[in-house]
Asker: 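Dumping the structure here so I can ask a few things about it.
In this text, all values refer to a predicted model and were calculated from it rather than measured experimentally.
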Amino acid sequence: MKVFKDPIHGSISLPKHCVDVIDTPEFQRLRNIKQLTAETVYPGATHNRFAHCIGVCYLAGKVIEHLRNKQRELKITEEEVKCVQLAGLCHDLGHGPLSHKFESVVNRLLPKGKKWEHEEASVLMVHHLNRENKKIGLTQVEVDFISDLISGKPPKDEVVRYKRYQERRFLYQIVANKDNGIDVDKWDYFARDSHYLGLSNSFDLERIIPFMRVCRCVREGVTTEEICYRDKLVLDLDAMFAVRWDLHYRAYQHRVVKLTESMYGDALYEYFTVDAKKTSPEFGRMEDVIKDMSIYRQIDDQIFGTIARSKDNKAQDIIERIRKRELYECIGEFMDADSKNVPGDNDIQSKLKSIPRLQPYCSEDNLLIINHKYDYGMKEKNPLKHIFFYTKDNDKKGILLEDEKMPPTLPAKIQLRDVRLYTRIPVTKEELPGIKKTVTEAILPPVSEEELTGIEGTGLETIVPDRTPSKSPSPPPSDASNAPSRPEKSKGKRSPISQDEAAGKKRKLDYEKKGN
């Protein structure tokens, strides 16, 4: 056992098989990969994946030991305890510079049709780590099991491994829960990110763990053994998802955070495309890098220092712009985009590049589209409807809660999307208002005559969709336990717009009628 002093969980003890993994070059690399890209807005958010992975390992061990001690009939083995702990420890070994943003950079560099996620590199890194460090000594069965725990489930064509998943599904819900999103990975980063961002976190995982137990459940017609929660915890779990929303709204999806990480991503992309073969001076082609862990393990956040010192003027210039706070200019923003029928990225690109006035600002190379998405972790689905609960009277069977038992604070819309458009080339202050106006008119659908009904008196008051780009969905309060806030429920009414905008829309409609 070795004791670590952690700012989130206090003094934690980890067994030798975990310490042996920590003391390898592959794991030590995580010291140089930041957990977040929010430092440009939150100066204290400098924590790294190294500490996060240790925290997840600790929580994974805590949960499986709780289940093992509380339910002896599960017959959880020492091997299973060991592998769950190591899965928690190794789950982020595949992260690259910029953490999650690195995935989109890689996918820009790959041939069309190919898609890559960091979990793939995590699995490869576990195999590489075990092979290169003899002291680890994991069997092939253990390595495969750890890989499947990191991925959330094994490949269906791996018959033996998939059978284990079907019989012991609850083990795969501890580190990376693909069924409802409740896992120790999130529990650690909710607490850790909130701490370093300086935001409050009212979610209490110490209340959740004692009420976790494995029950027999029926999911999609298949009987499984899954982790269930006491039914009285539904508000606590709802508060957990409210904390997730809060972190996304205030930090992860913050407009400056998303913009600066996109600019860093552009610099990384330019560094790997210095020639037609898309190779970097130091590491070669990205397509080869993500397959070769001996090269991949050399890439971390320090690469931006390498870029700043390189001879690639385009990548250097982007880094310099970030350091001088000369960020890309916003030329359009659409809040709650789906309710306004704002199209997807490809359609936006097609519409804007065909307008002469918007060239070259909106050309394929110069237009940057950033989607800010806020949800409960399952896109448009409500994860609370995918969680099995047990009751005080029956702790053997898991049940899904009925709609009337769902928290009254649930939003009418689980998922919201804001869209912001930026141009990568400088824009003068004189040009900017005209460009923004042209972009807005091109993206938003034309105003229908029905939308202008309700004009009263002078015709300067009307009820039409609010298209003012200055407001975002209201964030939840910092204390999510008091009122887990999400967007207000729709009441079937459209909000009034300004008199000037209403008059302008009426003139536009009259003009269109005359033209016809």
Asker: Do Asp365 and Arg424 have side chains that get closer than 4.5 Å, going by heavy atoms?
Answerer: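 Asp365 does not reach Arg424 side chain to side chain.
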Asker: Determine, for Asp301 against Lys34, whether the closest basic-nitrogen to carboxylate-oxygen distance falls under 4.0 angstrom.
Answerer: no
Asker: Check whether any side-chain N or O of Ser194 sits under 3.5 Å from a backbone N or O of Ala191 as a donor-acceptor pair, and report yes or no.
Answerer: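 Side chain of Ser194 to backbone of Ala191, a donor-acceptor pair under 3.5 Å: no, none is there.
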Asker: How far does CG of Asp338 sit from CD of Gln415, to the nearest 0.5 angstrom?
Answerer: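 Here the rounded value is 6.5 Å.
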Asker: Which pair of non-hydrogen atoms, one from Pro343 and one from Ile348, has the smallest distance, and what is that distance?
Answerer: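 Closest pair (atom of Pro343, atom of Ile348, distance): O-CD1, 3.5 Å.
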Asker: Set out, in order, the CA-CA distance, both residues' side-chain angles and the distance that settles side chain to side chain contact (heavy atoms under 4.5 Å, CB included) for Met293 and Glu26, then state yes or no.
Answerer: CA-CA 9 Å; Met293 293 300 103; Glu26 290 78 9; over 6 Å; no
Asker: So how far is it from Ile54 CD1 to Asp6 CG, rounded to the nearest 0.5 Å?
Answerer: 7.5 Å
Asker: Look only at the side chain of Glu329 and the backbone of Val427, and say whether a donor-acceptor pair between them is shorter than 3.5 Å.
Answerer: no
Asker: Is the closest side-chain heavy-atom distance between Thr37 and Val257 below 4.5 Å?
Answerer: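 In short, these two side chains touch, coming nearer than 4.5 Å.
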Asker: Surrounding CD of Glu364 (heavy atoms of other residues, nucleotides or ligands, distance under 6.0 Å), is the total greater than 12?
Answerer: no
Asker: Looking at Leu129, is its backbone amide N or carbonyl O close enough to the side chain of Asn133 to form a donor-acceptor pair, meaning the two atoms are under 3.5 Å apart?
Answerer: yes
Asker: How many angstroms lie between CE in Met240 and CG in Leu384, if you round to the nearest 0.5 Å?
Answerer: 8.0 Å
Asker: Minimum heavy-atom separation for Ser354 to Gln359, with atom names?
Answerer: N-NE2, 4.4 Å
Asker: Ignoring hydrogens and angles, tell me if any N or O in the side chain of Arg321 forms a donor-acceptor pair with the backbone of Glu326 under 3.5 Å.
Answerer: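 Between the backbone of Glu326 and the side chain of Arg321 there is a qualifying donor-acceptor contact (under 3.5 Å).
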Asker: For the residue pair Val126 and Cys90, what are the closest heavy atoms and their distance?
Answerer: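 Closest approach of Val126 to Cys90, heavy atoms only: CG2-CB, 3.8 Å.
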Asker: Any donor-acceptor pair under 3.5 Å linking the side chain of Asp246 with the backbone of Ala242?
Answerer: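 Not confirmed, Asp246 side chain does not pair with Ala242 backbone.
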Asker: Answer yes or no: is there a side-chain heavy-atom contact under 4.5 Å between Leu444 and Val342?
Answerer: yes
Asker: Can you find a heavy atom in the side chain of Leu352 that is under 4.5 Å from one in the side chain of Leu421?
Answerer: yes
Asker: Are His95 and His100 near enough that their ring centres are under 6.0 Å apart?
Answerer: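 Close enough - the centres of the two rings lie under 6.0 Å apart.
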Asker: Quick one: are Thr24 and Glu132 in side-chain contact, heavy atoms under 4.5 Å?
Answerer: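 Not touching, per the 4.5 Å side-chain cut-off.
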Asker: Can you tell me if Arg417 has over 12 outside heavy atoms packed within less than 6.0 Å of its CZ?
Answerer: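 Correct, the count exceeds 12.
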Asker: Does Lys429 have any salt bridge (charged side-chain N to carboxylate O under 4.0 Å, His left out) partners at least two apart in sequence or in another chain, and if so, which?
Answerer: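 With sequence neighbours excluded, Lys429 shows a salt bridge (charged side-chain N to carboxylate O under 4.0 Å, His left out) to no residue whatsoever.
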Asker: Between Asp20 and Lys2 (salt bridge meaning N to carboxylate O under 4.0 Å), is one present in this structure?
Answerer: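 A salt bridge is absent here (no side-chain N lies under 4.0 Å from a carboxylate O).
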Asker: May I ask you to check whether Glu142 and Asn130 show a side-chain donor-acceptor distance below 3.5 Å?
Answerer: no
Asker: Listed by chain and number, what are the ring-ring contact (aromatic ring centres under 6.0 Å, His included) partners of Phe145, not counting sequence neighbours?
Answerer: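 Phe145 satisfies ring-ring contact (aromatic ring centres under 6.0 Å, His included) with Tyr172 only.
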Asker: Please name the pair of heavy atoms, one in Asn48 and one in Leu30, separated by the smallest distance, quoted to 0.1 Å.
Answerer: CB-O, 3.6 Å
Asker: Any pair with a residue in residues 35-57 that passes ring-ring contact (aromatic ring centres under 6.0 Å, His included), sequence neighbours left out, goes on the list, sorted by first then second residue, please.
Answerer: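 Found Phe27-Phe50, His47-Tyr196, His52-His91.
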Asker: Examine distances only and state if a side-chain atom of Asp236 and a backbone atom of Ala239 form a donor-acceptor pair shorter than 3.5 Å.
Answerer: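 Pair absent, no side-chain N/O of Asp236 close to backbone of Ala239.
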Asker: Using 4.0 Å as the upper bound for N to carboxylate O, is an ion pair formed by Asp375 and Lys379?
Answerer: no
Asker: Show, in sequence, the C-alpha distance, side-chain angles and deciding distance for Ile303 and Tyr271, and conclude whether the side chain to side chain contact (heavy atoms under 4.5 Å, CB included) test is met.
Answerer: CA-CA 10 Å; Ile303 194 173; Tyr271 183 68; 4.1 Å; yes
Asker: Could you check Tyr328 against Asn366 for side-chain hydrogen bond (donor to acceptor under 3.5 Å, both in side chains), going step by step and ending with a plain yes or no?
Answerer: CA-CA 10 Å; Tyr328 297 159; Asn366 293 330; over 6 Å; no
Asker: Do Asp300 and Arg31 make a side-chain contact, defined as non-hydrogen atoms from C-beta onward lying under 4.5 Å apart?
Answerer: no
Asker: What's the shortest heavy-atom distance between Gly55 and Asp188, and which atoms?
Answerer: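 Smallest heavy-atom distance, with atoms named: CA-OD1, 3.4 Å.
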Asker: Any pair with a residue in residues 280-313 that passes ring-ring contact (aromatic ring centres under 6.0 Å, His included), sequence neighbours left out, goes on the list, sorted by first then second residue, please.
Answerer: Tyr264-Phe304
Asker: Look at atom NZ of Lys381 and say whether more than 12 heavy atoms of other residues, nucleotides or ligands are closer to it than 6.0 Å.
Answerer: no
Asker: So do Ile331 and Cys362 actually touch side chain to side chain, heavy atoms under 4.5 Å?
Answerer: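 Cys362 reaches Ile331 side chain to side chain.
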Asker: For Val175 and Gln85, what are the C-alpha separation, side-chain angles and deciding distance, and is it a side chain to side chain contact (heavy atoms under 4.5 Å, CB included)?
Answerer: CA-CA 9 Å; Val175 174; Gln85 288 177 319; over 6 Å; no
Asker: Got a donor-acceptor contact below 3.5 angstrom from the Glu226 side chain to the Phe170 backbone?
Answerer: no
Asker: Check step by step if side chain to side chain contact (heavy atoms under 4.5 Å, CB included) holds for Val84 and Leu149.
Answerer: CA-CA 7 Å; Val84 167; Leu149 291 170; 4.0 Å; yes
Asker: Roughly how far, to the nearest 0.5 Å, is CG of Leu327 from CD1 of Ile322?
Answerer: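 Going from CD1 on Ile322 over to CG on Leu327, the span is 7.5 Å.
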Asker: Could you tell me which residues satisfy salt bridge (charged side-chain N to carboxylate O under 4.0 Å, His left out) with Arg161, sequence neighbours excluded, listed by chain and number?
Answerer: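 Per chain and number, Arg161 pairs via salt bridge (charged side-chain N to carboxylate O under 4.0 Å, His left out) with Asp148, Glu158.
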Asker: For a quick test of reading the model, state the closest non-hydrogen atom pair linking Leu98 to Gly265 and the distance between them.
Answerer: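 Smallest interatomic distance, heavy atoms only, reads CD1-N, 3.7 Å.
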Asker: Could you check whether any side-chain heavy atom of Val56 comes within less than 4.5 Å of a side-chain heavy atom of Val184, counting everything from C-beta outward?
Answerer: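 Side chain of Val56 against side chain of Val184, heavy atoms only: contact under 4.5 Å found.
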Asker: Among all residues two or more places apart in sequence or in another chain, which pass the ring-ring contact (aromatic ring centres under 6.0 Å, His included) test with Tyr252?
Answerer: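 Testing Tyr252 for ring-ring contact (aromatic ring centres under 6.0 Å, His included), a comparison that skips the adjacent residues, returns His248.
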Asker: Indicate yes or no for a side-chain donor-acceptor contact from Asn346 to the backbone of Gln349 under 3.5 Å, with no hydrogens or angles considered.
Answerer: no
Asker: Hey, what do you get for CG (Asn201) to CZ (Arg192), rounding to the nearest 0.5 Å?
Answerer: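 Rounded to the nearest 0.5 Å, the CG-CZ separation comes out at 12.0 Å.
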Asker: Quick one: pull up NZ in Lys373 and CG in Asp418 and give me the separation to the nearest 0.5 Å.
Answerer: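 Between Lys373 NZ and Asp418 CG, I get 11.5 Å after rounding to 0.5 Å.
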Asker: Answer yes or no: is there a donor N or O on one side and an acceptor on the other, between the side chain of Glu333 and the main chain of Val419, under 3.5 Å?
Answerer: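 Answer holds: no.
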Asker: Verify, without hydrogens or angle tests, whether Gln316 (side chain) and Ser310 (backbone) share a donor-acceptor contact under 3.5 angstrom.
Answerer: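 Confirmed, Gln316 side chain pairs with Ser310 backbone.
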Asker: Please determine whether a side-chain nitrogen of the Lys or Arg among Lys186 and Asp183 lies less than 4.0 Å from a carboxylate oxygen of the Asp or Glu.
Answerer: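 Here Lys186 pairs with Asp183 in a salt bridge, since their nearest N and O are under 4.0 Å apart.
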